[in-house]
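Note that the structure is a prediction, hence the values are computed from the model and not measured.
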There are 2 protein chains.
Amino acid sequence: MPGLVHVVDDDASFRTAIERRLKLSGYDVATYASAQDLLDRLPDDSRPGCILLDVRIPGLSGPELQSRLIELGSTVPIVFLTGYADTPTTVRAIKAGAEDFLTKPVSSEQLIDAIERALARQEAGRHHHRKLESLRALVATLTPREHQVFDLIVRGKINKQIGHELGTTERTIKAHRHQVMEKMQVRSLAELVSIAERLGLLDADKA
Amino acid sequence: MPGLVHVVDDDASFRTAIERRLKLSGYDVATYASAQDLLDRLPDDSRPGCILLDVRIPGLSGPELQSRLIELGSTVPIVFLTGYADTPTTVRAIKAGAEDFLTKPVSSEQLIDAIERALARQEAGRHHHRKLESLRALVATLTPREHQVFDLIVRGKINKQIGHELGTTERTIKAHRHQVMEKMQVRSLAELVSIAERLGLLDADKA
DNA sequence: TGAACACTCGGACAATGGTCTGAAATAACT
DNA sequence: AGTTATTTCAGACCATTGTCCGAGTGTTCA
């Protein structure tokens with residue numbers, strides 16, 4: 001599936017021109033006259049895509065839209081493309097995670113290059129995100145009690161201690177522990193700890 | 001200890017003026033007339049400090065110096081301060097990790113703010129770096145054989161399998177395993193796996 | 001009122017890990 | 001040549017975990 005580029009610009013003729021150029025390069029294009037317009041038909045993170053965003057647009061500005069998208073948890077990469085680029089705005093946009101900051105007029109080479117980098121970065125991020133999501137999905141199948149046991153297991157506690165902490169017996173913990181290993185689809189404690197670490201469940205305290 | 005600001009600029013009068021302003025704000029200051037000058041007396045990462053760097057300087061440019069420092073493994077944060085800020089240079093500098101990109105003339109407030117952020121970020125990075133270093137130091141005390149055993153343990157292998165893979169007996173692995181736990185100063189497999197994960201020793205493969 | 005689920009607990013047994021006593025061969029370095 | 005570190009190995013013993021049977025209680029929901 002070709003990459004989908006979301007073009008946000010208040011200049012209709014510019015939108016048309018960019019759309020033509022991008023389509024010639026093999027991309028799908030969706031255009032928006034304002035930031036609000038894009039928020040109303042929010043791009044789903046599930047297909048490859050990026051946002052080509054003007055800075056100065058009526059209503060929400062480009063950077064403001066960027067902030068909103070970050071708040072909403074969107075991972076769609078953003079390439080800024082604007083006629084007026086002041087340094088503080090550029091710095092803030094890049095530090096906030098924008099893939100690039102281009103100025104009009106832009107060469108096709110520059111533009112395509114930035115879009116390709118944005119799509120590649122999104123793809124890498126998505127791989128990582130998907131892995132974590134599948135792990136979180138497994139954790140979500142644990143009952144509250146199993147989750148407690150899971151937590152203490154990966155902190156190195158032994159069944160006897162866990163039973164004492166949770167006010168039950170070692171025997172019961174064994175049963176929960178078995179369920180945890182089963183549900184998390186691991187066959188060793190090492191794998192379980194590795195998962196917990198990658199999900200950031202162990203970062204509290206630590207020397 | 002006050003922060004040490006390394007000022008790199010070819011304009012002597014500017015260096016003097018900046019030095020005075022920074023010292024009035026409570027910083028220690030070291031000045032350099034060129035990038036090479038700074039490379040010759042390389043700032044050690046061990047004390048709080050940052051680099052205030054001009055872009056256009058004779059010899060190595062500011063961004064070129066930044067690249068060199070990254071290659072050298074330096075973690076000293078960089079604040080760019082220049083009269084001429086074009087967008088591509090700004091973008092590249094920030095993406096390469098510069099803390100900020102300021103333009104002359106700069107208000108003291110902006111300058112101090114950027115320096116404080118740079119110092120704070122360095123301090124956070126140093127904490128993290130020190131933790132990893134202390135772990136790496138522990139790993140370094142392992143003999144080659146112990147390191148192999150360590151590796152297989154945290155991948156979830158059991159002693160019998162490890163013995164088979166390394167062409168020795170389970171009994172011997174037990175001895176090595178004991179040494180590993182001793183040297184790594186952990187009392188549970190969970191802690192050992194957690195360390196390995198944080199050191200990135202487990203990222204190979206993985207579903 | 002069943003049905004499904006979560007949580008609890010038990011006995012017996014096998015497999016594994018951890019610790020205690022030891023020991024010996026080899027390599028490397030002073 | 002002597003010392004040290006590394007790697008190897010043994011028996012005995014206990015602690016811990018994993019697994020096989022099974023079962024009772026309480027809650028929720030259709």
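A/Q148 is listed as a side-chain neighbour of A/L166, based on a closest heavy-atom distance under 4.5 Å.
Under 3.5 Å, the side chains of A/R198 and A/S194 contain a donor-acceptor pair of N or O atoms. A/E116 and A/Y27 are linked by a side-chain donor-acceptor pair at a separation below 3.5 angstrom, with hydrogens and angles left out of the test.
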The contact string for nucleotides 17-30 of chain D, one letter per nucleotide 5' to 3', using protein heavy atoms under 4.0 Å with B, S and - for base, sugar-phosphate only and none, comes out as BBBB----------
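Applying side chain to side chain contact (heavy atoms under 4.5 Å, CB included) to A/L69 and the options A/I78, A/L53, A/V76 leaves one that passes, A/I78.
Looking at B/E170 and B/K160, no side-chain N of the basic residue comes within less than 4.0 Å of a carboxylate O on the acidic one, giving no salt bridge. Ion pairing between a basic and an acidic side chain is recognised when a charged N comes within 4.0 Å of a carboxylate O; A/E123 and A/R126 show such pairing.
Between the CD1 atom of B/I162 and the C1' atom of D/dT8 there is a distance of 16 Å, given to the nearest Å. At whole-Å resolution of the value, CD1 in B/I173 and P in D/dA10 are 13 Å apart. B/E182 places its CD atom 12 Å from the C1' atom of C/dG18, with the value rounded to the nearest Å. Across the protein-nucleic acid pair, B/E146 atom CD and D/dT8 atom P stand 10 Å apart, rounded to whole Å.
In this model, the phosphate group of D/dT8 is approached by a side-chain N or O of B/H176 to a distance below 4.0 Å at OP1 or OP2.
At a threshold of 4.0 angstrom between heavy atoms, the contacts of A/T169 are confined to the sugar-phosphate backbone, with no base atom among them.
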